[in-house]
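Scroll down for the structure; my scribbles are underneath it.
All of these numbers come straight from a predicted model, not from anything done at the bench. Below, chains carry the letters A, B, ... as their sequence lines are ordered, and counting in each starts from 1.
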Number of protein chains: 2
Amino acid sequence: MLSNSSKYAIKAVLYLALNSSEEKRVMVKNISTAINVPQAYLAKLLQELSKERIISSVKGPKGGFFLSSLNLQNTLMDVIDVIDGKKRLNSCVLSLEKCDLDKPCPLHNIISPVKHKFIYNLQNKTIKDFSLEIKSGISFLPL
Amino acid sequence: MLSNSSKYAIKAVLYLALNSSEEKRVMVKNISTAINVPQAYLAKLLQELSKERIISSVKGPKGGFFLSSLNLQNTLMDVIDVIDGKKRLNSCVLSLEKCDLDKPCPLHNIISPVKHKFIYNLQNKTIKDFSLEIKSGISFLPL
DNA sequence: GTTAAAACATGATAAAAATCATATTTAAGA
DNA sequence: TCTTAAATATGATTTTTATCATGTTTTAAC
C-alpha cells in the first residue's frame, strides 16, 4: 500500500509540522533520531520533497528543513505522490487492471469503501489539519 | 498491504475454486496462462500452498492441482498467512509499533475501521463463499 | 575571505522480492 | 517395466527497494 519510503516521509513531514517553522529549522540528523529512520536515507527523501517544494530548506550553518505556512497547506497525498508516484495507491487490491464498479474483483467490495475514505482523507486533509489533531491529542506520533 | 505473491496465490486459488475438482485437476501451465502469472513463479507458490494443505495436488500424468471440499472451507487469510506470513496485514499503516486504540497514529482512525472489515472478511468468508459470489455474478475474476 | 555547518547530488552496496532454470520424484498408461 | 507427464525441490538470476558513503555547494559567523 505505502512503501517504507513514504511512511518515513510522512513521519518526517508530520514531525516538521509540529516542530519546525520558518525561523526554527531542523536538521536531518535531529529528525532522523526523533522519528527513528536512518539518517542518510531520510536525507535523500527530504531532498526529493524539498525539490518538489513539499517542504522547505536552507543550506549552510543554522540551516535545516522546515514547513512554511504554504507547505502546511499540502496534503499527505502530495508527499506520497512524490515518493511513491501516483499509481501505487490507486490500483486494485489484487492489481487487476480491469477491476471496477461494473466488474468488481472478489475483494473489491470489501476493501473499496475504506480505501476511498483513506484516499479522500489523504488528499483533502492538509498537513496542518493533521498537526492540529496531534496537538489536540486526537492522534499521536509515537516511534 | 498484500505482496505480489499473495495476490497471485489468491487469484490461483479462486481460479481453482471455480475450475477444478477432485476429478478435474488443473496443471500449473493452464492456471498460469488463465490468470496471467509467470508459470515457474506460480509453481513455487502453489507448491507452498500444497505443502501447507491449503490446496491439493497429485503428481504424474493426469495430475495437477485442485481444491478438495475440505480445501474449499479454507479462507483467503489462510492463503495470505502461508505466502506473506501473519504480520504483514496486521501492522499499522505507518508501521508504528506502538500504534493502537489508545494512542492511534494520525492515519489510524482513517484506515482502521474498514481494515478490520477487510481482515474480518478475509478470515471468515471461505473460499467456497467467494466462488459462489463469482458464480452468481456478484463479483468477477478478470485478468 | 576563511572556516565550518548545513543541504544537495550522485553513486555504491545490501537486502528483499520477484522471476527463471534445472534436476528429482511420482504415478499413469502403454 | 519403460516412457512420459506431471508436481516437487532447490538454487540461480534479475529487479526493486532500502541503505550507506562521499564529494559538492551554499551560507552564516568570525
Exercise. What is the per-nucleotide protein-contact pattern of nucleotides 10-21 of chain C, from the 5' end, where B denotes a base atom under 4.0 Å from a protein heavy atom, S denotes such proximity for sugar-phosphate atoms only, and - denotes neither?
Worked result: BBB-----SBB-

Problem set entry | Nucleotide-resolved protein contact map, nucleotides 22-30 of chain C, B/S/- at heavy-atom distance under 4.0 Å | ---BBBB--

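In terms of modelled atom types and a separation under 3.5 Å, the side chain of B:Lys103 and the main chain of A:Phe140 share no donor-acceptor contact. The backbone N or O of B:Asn30 sits less than 3.5 Å from a side-chain atom of B:Thr33, completing a donor-acceptor pair. Using modelled atom types, no side-chain atom of A:Asp84 and backbone atom of A:Ile80 make a donor-acceptor pair closer than 3.5 Å. Judged by distance alone, with hydrogens and angles left aside, the side-chain atoms of B:Thr126 form no donor-acceptor pair with the main-chain N or O of B:Asn74 at under 3.5 Å.
Through direct or indirect side-chain contacts shorter than 4.5 Å among Ile, Leu, Val, Met, Phe, Trp and Tyr, B:Phe66 is connected to B:Val58.
Between its two ends, the helix from C:dG1-D:dC30 to C:dA30-D:dT1 turns its axis by 0°, counting five pairs per end and rounding to 10 degrees.
In this model, no donor atom of one side chain and acceptor atom of the other lie less than 3.5 Å apart for A:Asn109 and A:Ser112. Looking at B:Tyr41 and B:Ser5, their side chains do bring a donor and an acceptor atom within 3.5 Å of each other.
Chain A approaches DNA chain D over the interval D:dA18 to D:dA28, counting the first and last nucleotide 5' to 3' with an atom under 4.0 Å from its heavy atoms.
Applying the side chain to side chain donor-acceptor pair (under 3.5 Å) test to pairs two or more places apart or on separate chains, those with a residue in residues 59-70 of chain B are B:Ser68-B:Asn71.
The neighbour count for B:Lys125 NZ, taken as heavy atoms of other residues, nucleotides or ligands under 6.0 Å away, is above 12.
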